[in-house]
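Since the structure is predicted, the reported quantities are computational estimates derived from the model, not experimental observations.
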Amino acid sequence: MPPWYFPALIGVSSIMTLVAGIWLTLHLTAVARIFSGHADIVTAPVRPGASQRVVWSWLAAFVVGLAVSLTVPVLILSAATRHTLISVP
């Protein structure tokens with residue numbers, strides 16, 4: 001595996017999470033419509049500008065990007081620690 005693979009993966013997933021988070025923040029009325037009735041979330045009287053399918057897609061992109069952004073560094077650190085512990089005589 002090339003040495004730039006993991007930093008590129010972390011960078012792409014971080015950018016994906018950032019963009020999805022910004023989009024979800026800008027379309028809070030559409031997000032509130034999906035979760036209406038749960039945990040005292042009330043929809044605004046304004047018509048949301050995005051469909052439920054689009055909102056769920058952005059939510060999925062946010063969750064996947066966040067999971068990859070948090071998982072890959074842990075895997076890299078655990079592999080580096082394991083390699084360091086094994087190589088020490």
Side-chain angles (χ1 to χ4, degrees):
M1 200 170 299
W4 53 266
Y5 180 74
F6 288 118
L9 183 63
I10 293 170
V12 168
S13 64
S14 298
I15 290 172
M16 182 172 74
T17 304
L18 178 69
V19 170
I22 290 171
W23 190 92
L24 289 169
T25 302
L26 292 175
H27 293 87
L28 281 176
T29 56
V31 175
R33 184 177 61 160
I34 288 179
F35 296 107
S36 176
H38 303 291
D40 296 332
I41 296 177
V42 180
T43 58
V46 180
R47 184 182 168 278
S51 68
Q52 288 186 353
R53 179 179 289 171
V54 172
V55 174
W56 280 112
S57 300
W58 280 103
L59 278 171
F62 180 79
V63 169
V64 168
L66 185 64
V68 171
S69 295
L70 296 176
T71 305
V72 170
V74 170
L75 293 175
I76 292 171
L77 289 174
S78 65
T81 305
R82 190 175 333 123
H83 178 69
T84 304
L85 292 176
I86 292 172
S87 64
V88 173

Point to revise | Minimal non-hydrogen separation, Val31 against Val55, with atom names | key: CG2-CG1, 3.9 Å
Review point. Donor-acceptor pair, Arg33 side chain versus Ala50 backbone, under 3.5 Å?
Key: yes
Exercise for review: Taking the side chain as every heavy atom from C-beta outward, state whether Phe62 and Val19 have any pair of such atoms under 4.5 Å apart.
Suggested key: no
Check your understanding: Would you say Ser13 and Val72 make side-chain contact, with heavy atoms under 4.5 Å?
Key -> no
What distance separates [X] [atom1] from [Y] [atom2], expressed to the nearest 0.5 Å?
X	Y	atom1	atom2	value
Leu28	Leu26	CG	CG	8.0 Å
Ile10	Ile15	CD1	CD1	12.0 Å
Thr25	Trp58	OG1	CH2	11.5 Å
Leu59	Ile34	CG	CD1	6.0 Å
Thr71	Ile76	OG1	CD1	11.0 Å

Linking I/L/V/M/F/W/Y whenever their side-chain heavy atoms sit closer than 4.5 Å, directly or via other members, would [X] and [Y] fall into one cluster?
X	Y	answer
Trp23	Leu18	no
Leu70	Leu24	yes
Tyr5	Val68	yes

